[in-house]
Amino acid sequence: MKHSCIHWFRKGLRLHDNPALLAAMKDCSELYPIFILDPWFPKNMQVSVNRWRFLVESLKDLDESLKKLKSRLFVVRGHPAEVFPGLFKAWKVTRLTFEVDTEPYSKQRDAEVVRLAAAHGVQVIQKVSHTLYDTDRVIAENNGKVPLTYRQLQAVLAGLGPPKQPVLAPTLETMKDCCTPGRDNRDPKYEIPTLEELGQDPKEAGPCLYPGGESEALSRLDFHMKRMTWVCNFKKPDTEPNTLSPSTTVLSPYVKFGCLSVRTFWWKLTEIYRGKKHSSPPVSLHGQLLWREFFYTAGAGIPNFNRMEGNPICVQVDWDDNPEYVKAWKEGRTGYPFIDAIMTQLRTEGWIHHLARHAVACFLTRGDLWVSWEEGQKVFEELLLDADWSLNAGNWQWLSASAFFHQFFRVYSPVAFGKKTDKSGAYIKKYLPILRKFPAEYIYEPWKAPRSMQEQAGCIIGRDYPRPIVEHEALSKRNIMRMKAAYAQRSHSKAAQVEKESTKKGGKRKLPAGPSVVELLTKKPKAKSS
DNA sequence: ACATTCGTTGACACA
DNA sequence: ATGTGTCAACGAATG
């Protein structure tokens with residue numbers, strides 16, 4: 001039987017290593033590649049103009065690549081569950097293919113679409129290709145528990161063997177029995193949206209340092225993979241947060257949208273490593289992809305992963321509700337130049353180094369402002385080109401010492417941390433030109449400069465650039481105590497939880513240690529001899 | 001049961 | 001320059 005197929009692009013905006021797309025082309029006479037502009041996203045999350053632009057560019061690139069295969073991309077407007085029945089009928093669809101997406105909204109959306117497809121007699125094929133491994137499989141292999149440490153994940157993956165090899169991109173040969181009706185009829189209703197249609201003002205976009213799309217992704221990968229020595233020596237903690245151009249690859253936005261396949265990236269690295277001395281996980285480039293896998297698995301398996309409440313691995317903290325602090329942080333007006341420079345780079349360019357994320361995340365949460373990590377998560381969701389649901393939630397919990405990382409007495413200094421790798425403050429001067437005339441001695445703490453020097457620099461602190469909104473030295477010490485209290489509370493409630501469990505079971509009450517979060521998660525009573 | 005070690009990336013003083 | 005100890009002391013894994 002010859003099929004009429006829809007391939008539904010969501011993430012995975014690429015032709016290379018796209019097994020669901022290949023499945024659509026098999027025994028297919030009519031192929032309809034679509035992307036759905038789902039109003040759920042702009043309604044439920046802020047998206048900056050920079051990130052919209054990245055998406056639009058990625059869609060354009062995809063359309064161009066599909067045209068070379070004598071096909072095209074149809075961009076459909078509406079809720080997936082509402083538009084699919086019409087498409088199924090209009091195109092006499094017999095098969096729908098898409099890539100597995102593990103995020104909660106996506107799972108729910110896809111389950112609904114699968115039901116609809118069944119009701120219309122449409123076969124559905126889903127393929128895992130956004131992650132290195134099938135996250136469900138990883139959890140199953142770990143006895144149904146989400147691996148909560150990196151080493152644990154590594155142990156599970158060791159049992160599964162290396163990730164699958166990427167599949168080849170389709171060619172004209174793959175497409176020879178297959179056509180896309182209406183590919184030359186550019187009906188505006190299926191056109192790629194402009195930023196204006198998306199309610200965005202292109203004039204507000206920053207410089208386009210990281211254009212979206214698979215073509216750009218592959219050439220960027222190629223560029224960095226040619227630096228073989230650099231690749232082999234790569235150690236993430238040794239890369240610098242405040243260089244004038246990125247010290248890492250900035251492939252993250254491309255991996256997030258699936259312009260670049262994580263498996264293609266993985267196997268390219270394997271090829272480069274072969275026979276050479278090279279760094280290893282967690283700090284190597286392979287290690288970075290495993291961190292992504294780590295958080296994807298956690299996001300797929302832990303309920304309410306992007307919230308504190310109802311999240312079984314998240315320490316419950318009495319964060320302050322402080323909109324003024326959030327606003328000052330977001331807008332780069334904290335009075336700490338290192339923090340404000342990073343937030344400015346984030347807003348204008350859409351990417352900041354991982355360690356820069358650490359610095360500003362610690363500052364917003366447990367370090368200084370004592371604001372919930374969920375507020376920071378929202379801002380990163382809006383402004384980062386690589387904003388990725390699982391990674392964003394996981395890293396915010398990490399940095400706020402709410403989960404995964406617990407050494408809350410280790411606090412980043414908004415003054416000292418940046419100095420280690422940029423003594424002169426060149427990074428600060430690039431993003432906060434108002435401070436450019438301060439000497440290195442005062443660039444991280446301009447409020448300490450004598451008045452005469454401020455006048456000479458043409459920047460009076462408190463007038464032209466804000467005074468620090470908090471005093472880090474005193475506040476960070478108080479916050480450590482608050483974290484300590486939150487952890488003590490947590491041990492207490494964990495003990496209570498065990499009390500409940502063992503009472504229910506009627507077993508012996510022996511519990512000072514309490515269950516691990518894994519046990520709380522799976523609700524398995526603690527196995528013990530009575 | 002209990003102690004010990006480890007955990008991708010702290011700051012600071014001191015050698 | 002790099003390495004070590006201190007600060008005060010977390011949870012998870014390991015023995």
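Owing to the predicted nature of the structure, the values given are computational and were not obtained by experimental measurement. Note on naming: letters A, B, ... go to the chains in the order of the sequence lines (proteins, then strands), and numbering restarts at 1 for each one.
When the shell of 6.0 Å around NZ of A:K448 is examined, it contains 12 or fewer heavy atoms from other residues, nucleotides or ligands. Other residues, nucleotides and ligands place no more than 12 heavy atoms under 6.0 Å from the CG atom of A:D321.
The side chain of A:F417 sits closest to B:dA11 out of C:dA8, B:dT8, B:dA11. In this structure, the nucleotide among C:dA9, B:dA11, B:dT8 sitting nearest to the side chain of A:F409 is C:dA9. Nearest nucleotide to the A:E473 side chain, out of B:dT8, B:dC12, B:dA11: B:dC12. Side-chain atoms of A:Y487 lie closest to C:dC10 of the nucleotides B:dT8, C:dC10, B:dA11. The A:K420 side chain lies nearest to B:dA11 when the options are C:dA13, B:dT8, B:dA11. Of all nucleotides listed (C:dC10, C:dA13, B:dA11), C:dC10 comes nearest to the side chain of A:H406.
A straight line from CZ of A:R410 to P of B:dA11 spans 10 Å, rounded to a whole angstrom. Summarising the geometry, the separation between CZ on A:F363 and P on B:dG10 is reported as 19 Å, rounded to the nearest angstrom. Distance, A:K484 NZ to C:dA9 P: 3 Å, rounded to whole Å. A:Q154 has its CD atom 18 Å from the P atom of C:dA12, to the nearest Å. At whole-Å resolution of the value, CZ in A:F294 and P in B:dT9 are 13 Å apart. The distance from atom CG of A:N233 to atom P of B:dT8 is 21 Å, rounded to the nearest whole Å. Per the geometry, CD belonging to A:Q152 stands 14 Å off C1' belonging to B:dC6, to the nearest Å. For the pair A:D368 CG and B:dG10 C1', the interatomic distance rounds to 13 Å; values are reported in whole Å.
Mapping A:M481 and A:T149 onto DNA chain C by nearest heavy atom places A:M481 closer to the 5' end of the strand.
For the pairing with A:S252, the side-chain contact (heavy atoms from CB on, under 4.5 Å) check across A:L385, A:D386, A:L260, A:L384 returns one residue only, A:D386.
Proximity of the aromatic rings of A:W230 and A:F234 is defined here by a centroid distance below 6.0 angstrom, and this criterion is met. For A:W291 and A:Y150, the ring centers sit closer than 6.0 Å to each other.
Rounded to a whole angstrom, the distance from the P atom of C:dA9 to that of C:dA13 is 23 Å. For the C1' atoms, the distance from C:dA8 to B:dT8 is 22 Å, rounded to whole Å. Taking atom P on both B:dC6 and C:dT4, the two are 14 Å apart, rounded to the nearest angstrom.
Searching all strands for a Watson-Crick or G-U wobble partner of C:dC10 with both distances below 3.5 Å returns B:dG7. B:dA13: Watson-Crick or G-U partner is C:dT4, with both key distances under 3.5 Å.
For A:R151 and B:dG7, the shortest distance from a side-chain N or O to OP1 or OP2 is below 4.0 Å. The shortest distance between the side-chain N/O atoms of A:Q407 and the OP1/OP2 oxygens of C:dA9 is not below 4.0 Å.
Between the side-chain ring of A:F408 and the base of C:dC10, no stacking contact exists by the 5.5 Å and 30° definition.
Using a 4.0 Å heavy-atom cutoff across all strands shown, A:V411 reaches sugar-phosphate atoms only and no base atom.
In this model, a donor atom of one side chain and an acceptor atom of the other lie less than 3.5 Å apart for A:D388 and A:Y296.
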